[in-house]
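Input: a single structure, listed below in structure tokens.
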Amino acid sequence: KEMDPDTEYTITCAETHYQNKEYENCITLCKDALSLDSRNTIAYQYKGQSEMKLGHFRSAVKTLTQAAKKLPKSENTKKLLDQAVELKEVMEQVKNLEKDREYAMIIKITKTCRTDNRFVLMARAKACLYQSEHEKAIEDASSVIGTNERDFNALLLRSRAYFQNGNL
């Protein structure tokens, strides 16, 4: 089925915002597209991916669950939903472990997770810093900086790791 021109234009704009890492704008446009066509796979996928990039894992799971119900044959939607569920669960575990200062456990559980998510990388980098695994902290923080060279928290964490490692 072809998209109507308004939906297609809205999706094209949402895709542009996604590619430019303007995730809030992408989500807004995806909501607009879904109000025009509630079965639009692309809108659900961009909305869910944007929510994951922003660390809104519960929203991403909700969005992608709705998509999976409406589009049960979409393999890409299922894959994205699985990723969102995994990230939500891992970040909930990380939050609880941070309270107890269980940094070795944070490192262990984040190693099994997708490593391209900023929130997972930063949680692991912070845990590595506290466990004196400075090289790994530098590596993970640098990965985040590679996607956003102005990420203040990643720059600060990497600087702390360099300092603690004796690399002034």
Side-chain angles (χ1 to χ4, degrees), residues 7 10-130 136-137 140-141 143-148 150-157:
T7 304
T10 305
I11 293 295
T12 301
C13 291
E15 180 181 14
T16 300
H17 284 292
Y18 183 82
Q19 291 171 349
N20 290 330
K21 300 177 183 176
E22 298 166 350
Y23 302 119
E24 295 285 351
N25 293 335
C26 179
I27 290 168
T28 300
L29 287 167
C30 288
K31 287 177 183 177
D32 292 346
L34 290 167
S35 72
L36 296 169
D37 177 4
S38 66
R39 295 186 59 82
N40 190 292
T41 313
I42 300 167
Y44 278 113
Q45 290 175 353
Y46 276 121
K47 183 175 183 278
Q49 288 177 83
S50 293
E51 290 165 339
M52 282 192 282
K53 293 286 188 182
L54 292 171
H56 304 160
F57 302 116
R58 284 191 175 139
S59 296
V61 169
K62 183 178 177 183
T63 296
L64 295 166
T65 298
Q66 289 173 324
K69 286 179 183 175
K70 293 181 182 202
L71 308 155
K73 294 181 182 175
S74 173
E75 287 299 317
N76 197 39
T77 300
K78 182 180 176 348
K79 180 180 157 195
L80 289 171
L81 176 57
D82 290 345
Q83 290 171 359
V85 167
E86 177 189 24
L87 287 168
K88 177 184 156 285
E89 290 172 356
V90 165
M91 292 312 295
E92 285 173 354
Q93 289 176 348
V94 165
K95 186 176 177 182
N96 290 329
L97 291 167
E98 281 179 336
K99 289 178 193 173
D100 298 331
R101 299 178 188 252
E102 293 286 341
Y103 301 116
M105 205 51 194
I106 292 171
I107 294 167
K108 183 178 179 181
I109 65 167
T110 55
K111 280 183 180 176
T112 63
C113 191
R114 292 179 35 162
T115 57
D116 67 339
N117 184 276
R118 177 200 181 276
F119 296 93
V120 172
L121 288 168
M122 287 297 292
R124 186 170 60 222
K126 183 178 173 183
C128 287
L129 184 67
Y130 289 127
K136 185 61 180 158
D140 286 343
S143 292
V144 173
I145 294 164
T147 61
N148 179 3
R150 294 183 177 173
D151 190 312
F152 176 77
N153 290 323
L155 289 164
L156 181 62
L157 197 145

Looking at every non-hydrogen atom in both residues, tell me the closest pair between [X] and [Y] and how far apart they are.
{"X": "Ala127", "Y": "Ile107", "answer": "CB-CG1, 3.7 Å"}
{"X": "Phe57", "Y": "Met91", "answer": "CE1-CG, 3.5 Å"}
{"X": "Cys26", "Y": "Ala14", "answer": "SG-O, 3.3 Å"}
{"X": "Ala68", "Y": "Thr77", "answer": "N-CG2, 3.7 Å"}
{"X": "Glu86", "Y": "Thr112", "answer": "OE2-O, 3.5 Å"}
{"X": "Leu157", "Y": "Ala141", "answer": "CD2-CB, 4.1 Å"}

For the residue pair [X] and [Y], establish whether any side-chain heavy-atom pair is separated by less than 4.5 Å.
{"X": "Ser74", "Y": "Lys78", "answer": "no"}
{"X": "Tyr44", "Y": "Gln66", "answer": "yes"}
{"X": "Thr110", "Y": "Asp140", "answer": "no"}
{"X": "Ile27", "Y": "Leu54", "answer": "yes"}
{"X": "Glu51", "Y": "Lys62", "answer": "no"}
{"X": "Lys79", "Y": "Gln83", "answer": "yes"}
{"X": "Ile109", "Y": "Glu89", "answer": "no"}

The side-chain contact (heavy atoms from CB on, under 4.5 Å) partners of Ala84 (sequence neighbours excluded) come to Met52, Ala60, Val61, Leu64
What's the spacing between [X] [atom1] and [Y] [atom2] if we round to 0.5 Å?
{"X": "Phe119", "Y": "Lys95", "atom1": "CZ", "atom2": "NZ", "result": "12.5 Å"}
{"X": "Ile106", "Y": "Lys108", "atom1": "CD1", "atom2": "NZ", "result": "13.5 Å"}
{"X": "Asn76", "Y": "Gln49", "atom1": "CG", "atom2": "CD", "result": "7.0 Å"}
{"X": "Leu129", "Y": "Met122", "atom1": "CG", "atom2": "CE", "result": "10.0 Å"}
{"X": "Lys47", "Y": "Leu29", "atom1": "NZ", "atom2": "CG", "result": "12.5 Å"}
{"X": "Lys70", "Y": "Asn40", "atom1": "NZ", "atom2": "CG", "result": "11.0 Å"}

query = Passes side chain to side chain contact (heavy atoms under 4.5 Å, CB included), Arg124 versus Cys128? Steps please.
reply = CA-CA 6 Å; Arg124 186 170 60 222; Cys128 287; 4.0 Å; yes
Practice task
Run the salt-bridge test on Glu92 and Lys88 with the 4.0 Å N-O cut-off and return the result as yes or no.
Solution key: yes
#### Entry: Modelled atom types, side-chain donor and acceptor of Glu22 and His17, under 3.5 Å
yes
Counting only N and O atoms by type, is there a donor-acceptor contact under 3.5 Å from the side chain of Lys21 to the main-chain atoms of Thr147? yes
